[in-house]
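For the numbers below, each heavy atom of this structure counts, side chains included, while hydrogens, waters and symmetry mates do not. Lettering of chains follows the sequences in order, A, B, ..., and the numbering in each one begins at 1.
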Amino acid sequence: MLILEVAVPRPLHERLDYLPPADGTLDNVVGRRIRVPLGKSKTVGVALGVKEGSNIPSQRLRQAEEWVDNEPLLDAELVKTLTWASQYYRYPIGEVLSSALPGVLRRGGKVQRGEVWWRLDEQLLGDATAVRRAPRQAELRERLLAAGGAARYADLVTECAAWQRAGRELERRGLLHRERRRTSNMHEQPPASSAPPTLLDAQLQAVEQINAARGFQVFLLDGVTGSGKTEVYIRAAEQAINNGRQVLFLMPEIGLAPQLLRRVKERLGDSVAVLHSDLPDVERAQAWLAARDADVAVVLGTRSAVFAPLPRAGLIIVDEEHDPALTQQDGFRYSARDLAVLRARYLGVPIVLGSATPSLESLNNVASGRYRQLALPQRTGSAKSPSIQVIDIRSRPLKGGLSAPLQQALGRHLEAGQQVMLFLNRRGYAPVLTCHACGWIAECQRCDARLTVHRRAGNMRCHHCGASRPLPSVCPGCGAGDLLPLGPGTERLEEALAELFPQYNLLRIDRDTTRRRGELEARLAAAHRGDAQLLIGTQMLAKGHHLPGLTLVAVVDVDQGLFGTDFRATERLAQLVVQVAGRAGRGDNPGEVLLQTRHPEHPLLQTLLESGYGAFAAEHLNERRAAGLPPFASLALLRAEAVDANAPYVFLEAAADWGASLTRRQQYGVELLGPVPAPMERREGRYRAQLMLRSESRYMLQAFLGDWAIKLAGLNGARKVRWSLDVDPVDTV
DNA sequence: AGCACGCCGACT
DNA sequence: GTCGGCGTGCTC
């Protein structure tokens with residue numbers, strides 16, 4: 001008797017066996033969605049195989065209801081990749097499949113293919129009398145005429161929101177028609193644009209090597225900021241597309257997409273699907289299906305786009321490969337970069353990992369010969385590398401966090417008509433509020449953290465749980481006055497700069513000023529136009545933005561990252577400093593970078609400034625080797641949290657005991673470290689602890705996890721905590 | 001994850 | 001006597 005193996009969206013590590021549905025054959029079942037009964041309800045699963053007979057007693061077997069798809073939605077490669085990911089990250093296969101599929105498809109829905117277009121009725125083509133008295137409608141008609149009579153609805157309403165009503169009105173009068181068009185323009189030639197830039201030698205060589213690759217090969221494109229990595233990606237993509245192949249382009253943040261998207265469309269044509277998790281459900285499904293049907297040549301997206309189907313794959317690109325945002329941090333925890341490499345292998349295509357500050361993992365893979373390095377050591381055009389200097393702020397008076405030398409430098413660049421950027425990874429007005437009289441400090445009730453003062457909003461907020469309280473007017477500790485905000489935040493920085501340089505325009509870019517949709521893009525565009533001379537920002541300003549007028553970049557407080565608890569803290573800081581510095585001097589004028597610190601002699605700063613990121617990385621790799629840390633060892637982290645302070649330990653002790661008994665039975669060479677409290681023990685009212693697993697061998701760690709992880713859910717106390725297992729954790733916090 | 005089953009406390 | 005608390009187990 002033939003049995004169907006189905007992965008259902010439940011936290012089950014096994015597939016479930018079903019009798020085949022009454023309808024249809026059993027050819028080509030893998031990757032097809034199927035409606036099945038489950039417990040009292042029904043659900044949609046994905047068929048993963050057919051087999052003869054089942055271990056489940058036949059009276060307990062239930063019959064699958066019906067196929068959702070006539071042909072596989074997920075192709076063999078994607079099923080293989082997802083199955084591997086489920087095994088490696090120890091996450092239930094059904095949930096892994098769920099996270100790969102856009103919501104609509106996951107729920108068994110079908111999506112209308114193609115996009116909505118608006119087409120002018122013939123009556124309106126040559127004759128404008130019908131819209132004579134309606135300026136919006138006339139405008140829309142002009143726009144559509146210019147596009148040859150029809151355009152994408154989505155493009156039109158983003159261009160001008162008022163056209164939505166105008167169009168509806170025309171539609172009502174039968175002067176405009178709504179229709180669906182499938183993209184199907186995979187080989188449409190891009191519009192002839194301005195001549196592509198001439199490549200530097202190093203860029204040319206990189207492109208040639210990528211284009212010469214036959215089959216799977218990993219390239220690490222190690223290019224200093226401003227060295228033209230994007231141009232290399234585009235040239236390599238161009239060749240893949242010309243060969244009728246698809247390109248997957250991953251980047252850490254969708255905030256970087258608009259600039260890139262424009263460039264990609266300009267050079268590679270309109271055949272691009274954008275795929276990220278903020279997209280409305282239906283659009284996501286359409287983009288996903290467009291990739292699956294090879295209607296698009298380029299799939300551009302954030303980490304979840306690594307699960308886009310690529311039936312005609314030719315090349316994968318991962319930009320900013322070092323960026324932790326490429327790693328999913330909750331639920332199904334995976335590294336999009338690592339899975340992209342796996343997919344490239346399964347698909348037999350080259351993959352390019354690009355960064356100005358490659359991860360130590362990737363550099364080590366270059367050293368061991370697994371990856372091939374493509375170096376771009378020079379900036380393009382006339383841009384020179386910026387000079388980097390440290391300002392020792394010990395015993396210097398600070399105004400809003402700014403030392404006198406920094407203030408002078410700011411004045412100098414501003415007077416020369418240039419832009420300056422101040423980088424401070426701390427939103428709000430001040431990170432601490434204290435009482436001058438009694439030493440009281442504003443703390444979060446639910447986390448081991450201080451409350452940040454947000455002066456403009458008139459409250460104090462916890463940046464870890466989001467709790468908010470009004471700013472007290474007198475000290476809640478002693479009832480006296482004197483409440484003092486300590487330390488700088490971006491809001492305070494803004495205040496100080498407005499006072500110091502009132503004649504210049506200021507633009508602050510952090511999560512507080514860019515909460516609304518499109519606000520980040522708007523502010524970046526304003527920065528680009530030069531509307532503001534002073535730019536203030538957090539982390540989000542550090543990445544990839546090209547601002548030609550910017551000549552001075554200052555890191556207000558480098559020390560924040562210097563003594564982090566995580567073993568990757570120094571790597572992160574080095575990457576941050578180099579990336580931030582890379583924003584300066586990308587036009588014709590040389591850039592200057594200033595770092596304020598209380599530890600000018602810190603070896604990280606010394607190495608980084610004197611010898612650069614490469615030397616830092618080499619040195620740091622040696623330290624990692626000596627300490628037995630990744631990439632010279634593999635880690636997994638079991639986390640647990642609960643309202644009851646003891647509950648995490650009950651569970652983690654049980655897990656550690658179970659692990660120890662396993663290692664006694666068989667020599668896995670896996671060390672169990674802990675349980676220990678998490679670096680911020682209490683968060684959102686829950687106590688958190690963790691158990692670290694370490695092994696010299698990834699293979700042995702995997703073998704161990706195979707035996708160990710499967711039983712975690714059944715351990716003593718497992719149901720009293722929230723727990724999660726993180727394989728290859730990006731941070732141990 | 002849902003959902004039911006099951007076994008002990010305070011209510012119409 | 002029952003309503004409901006959430007601990008435990010199962011989903012083919």
Side-chain angles (χ1 to χ4, degrees), chain A residues 1-24 26 29-68 79 82-83 85-87 89-109 277 281 328-334 638-655 658 685-686 709-726:
Chain A
M1 188 171 40
L2 288 175
I3 298 295
L4 270 179
E5 297 178 291
V6 179
V8 294
R10 294 284 186 279
L12 307 172
H13 284 269
E14 305 286 320
R15 308 159 177 192
L16 301 185
D17 293 351
Y18 284 91
L19 298 171
D23 66 321
L26 287 185
V29 300
V30 175
R32 279 163 78 185
R33 288 175 297 169
I34 190 165
R35 223 174 286 284
V36 294
L38 183 66
K40 293 262 163 184
S41 59
K42 294 170 185 180
T43 189
V44 175
V46 176
L48 290 180
V50 189
K51 63 181 179 182
E52 183 63 42
S54 168
N55 295 329
I56 303 292
S58 60
Q59 68 274 18
R60 279 185 60 207
L61 284 175
R62 299 172 79 183
Q63 187 177 28
E65 245 158 59
E66 58 169 350
W67 293 106
V68 177
V79 167
L82 293 167
T83 309
S86 159
Q87 291 277 315
Y89 292 110
R90 306 288 147 186
Y91 208 74
I93 178 66
E95 314 236 288
V96 169
L97 288 163
S98 288
S99 51
L101 285 174
V104 189
L105 300 174
R106 184 188 317 156
R107 290 186 291 274
S277 44
D281 217 19
Q328 174 82 29
Q329 303 268 18
D330 45 49
F332 169 35
R333 295 159 184 263
Y334 62 89
L638 180 64
R639 303 166 210 262
E641 57 174 60
V643 176
D644 173 35
N646 202 40
Y649 291 96
V650 173
F651 169 66
L652 293 175
E653 294 287 4
W658 159 234
R686 299 169 168 280
I710 207 88
K711 294 210 173 147
L712 288 176
L715 287 179
N716 218 346
R719 294 190 74 121
K720 293 197 172 66
V721 299
R722 279 193 204 160
W723 65 270
S724 63
L725 179 62
D726 198 350

J.: Quick one: does any side-chain atom of A/Arg15 pair with a main-chain N or O of A/Val46 as donor and acceptor, under 3.5 Å?
T.: no

J.: In whole angstrom, what separates A/Asn716's CG from C/dG9's P?
T.: 11 Å

J.: Looking at A/Gln329, I want to see if its CD is surrounded by more than 12 non-hydrogen atoms of other residues, nucleotides or ligands under 6.0 Å.
T.: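 Enclosed.
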
J.: Above 12 or not: heavy atoms from other molecules or residues under 6.0 Å from CG of A/Asn646?
T.: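 More than 12 within 6.0 Å, yes.
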
J.: Checking all strands, does A/Pro9 fall into the base, sugar-phosphate, or nothing category for heavy-atom contacts under 4.0 angstrom?
T.: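 Result for A/Pro9 = nothing.
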
J.: Can you measure A/Leu715 atom CG to C/dT8 atom P for me and round it to whole angstrom units?
T.: 13 Å

J.: Among the candidates B/dA1, B/dA4, C/dC12, find the nucleotide nearest to the side-chain atoms of A/Pro11.
T.: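 Per side-chain heavy atoms of A/Pro11, the pick is B/dA1.
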
J.: With under 30° as parallel and over 60° as perpendicular, where do the rings of A/Tyr91 and A/Phe332 fit, or are they tilted in between?
T.: parallel

J.: Within less than 4.0 Å of OP1 or OP2 of C/dG7, is there a side-chain N or O belonging to A/Arg719?
T.: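 No, because none of the side-chain N or O atoms of A/Arg719 sits under 4.0 Å from OP1 or OP2 of C/dG7.
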
J.: Distance check needed: B/dA1 P versus A/Arg722 CZ, whole Å only.
T.: 10 Å

J.: How long is the line joining CG of A/Asp17 and C1' of C/dC12, in whole Å?
T.: 6 Å

J.: For A/Arg62, which contact category applies under a 4.0 Å heavy-atom criterion: base, sugar-phosphate, or nothing?
T.: sugar-phosphate

J.: Using a heavy-atom distance cut-off of less than 4.0 Å, which residues of residues 93-107 of chain A contact DNA chain C?
T.: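 Nothing qualifies; none.
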
J.: Checking A/Arg719 now: which residues fulfil side-chain hydrogen bond (donor to acceptor under 3.5 Å, both in side chains) with it, not counting sequence neighbours?
T.: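 None.
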
J.: With a 6.0 Å cut-off (strictly less than), is the heavy-atom count around CG of A/Asp23, excluding the residue itself, greater than 12?
T.: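 More than 12 heavy atoms, drawn from other residues, nucleotides or ligands, come within 6.0 Å of this atom.
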
J.: With a non-hydrogen cut-off below 4.0 angstrom, is A/Leu12 in contact with a base, only sugar-phosphate, or nothing?
T.: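 Base contact.
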
J.: Nearest whole Å is fine: how far is B/dA1 C1' from A/Leu38 CG?
T.: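 Distance check: A/Leu38 CG to B/dA1 C1' gives 10 Å.
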
J.: Separation of A/Lys40 atom NZ from B/dA1 atom P, in whole Å?
T.: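 Interatomic distance, NZ of A/Lys40 to P of B/dA1: 21 Å.
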
J.: Which whole-number value in Å describes the distance from A/His13 NE2 to C/dC12 C1'?
T.: 17 Å

J.: To the nearest Å, give me how far apart NZ (A/Lys51) and P (C/dC12) are.
T.: 14 Å

J.: Could you check A/Val721, A/Leu725, A/Asp726, A/Leu652 and say which one makes a side chain to side chain contact (heavy atoms under 4.5 Å, CB included) with A/Arg639?
T.: A/Asp726

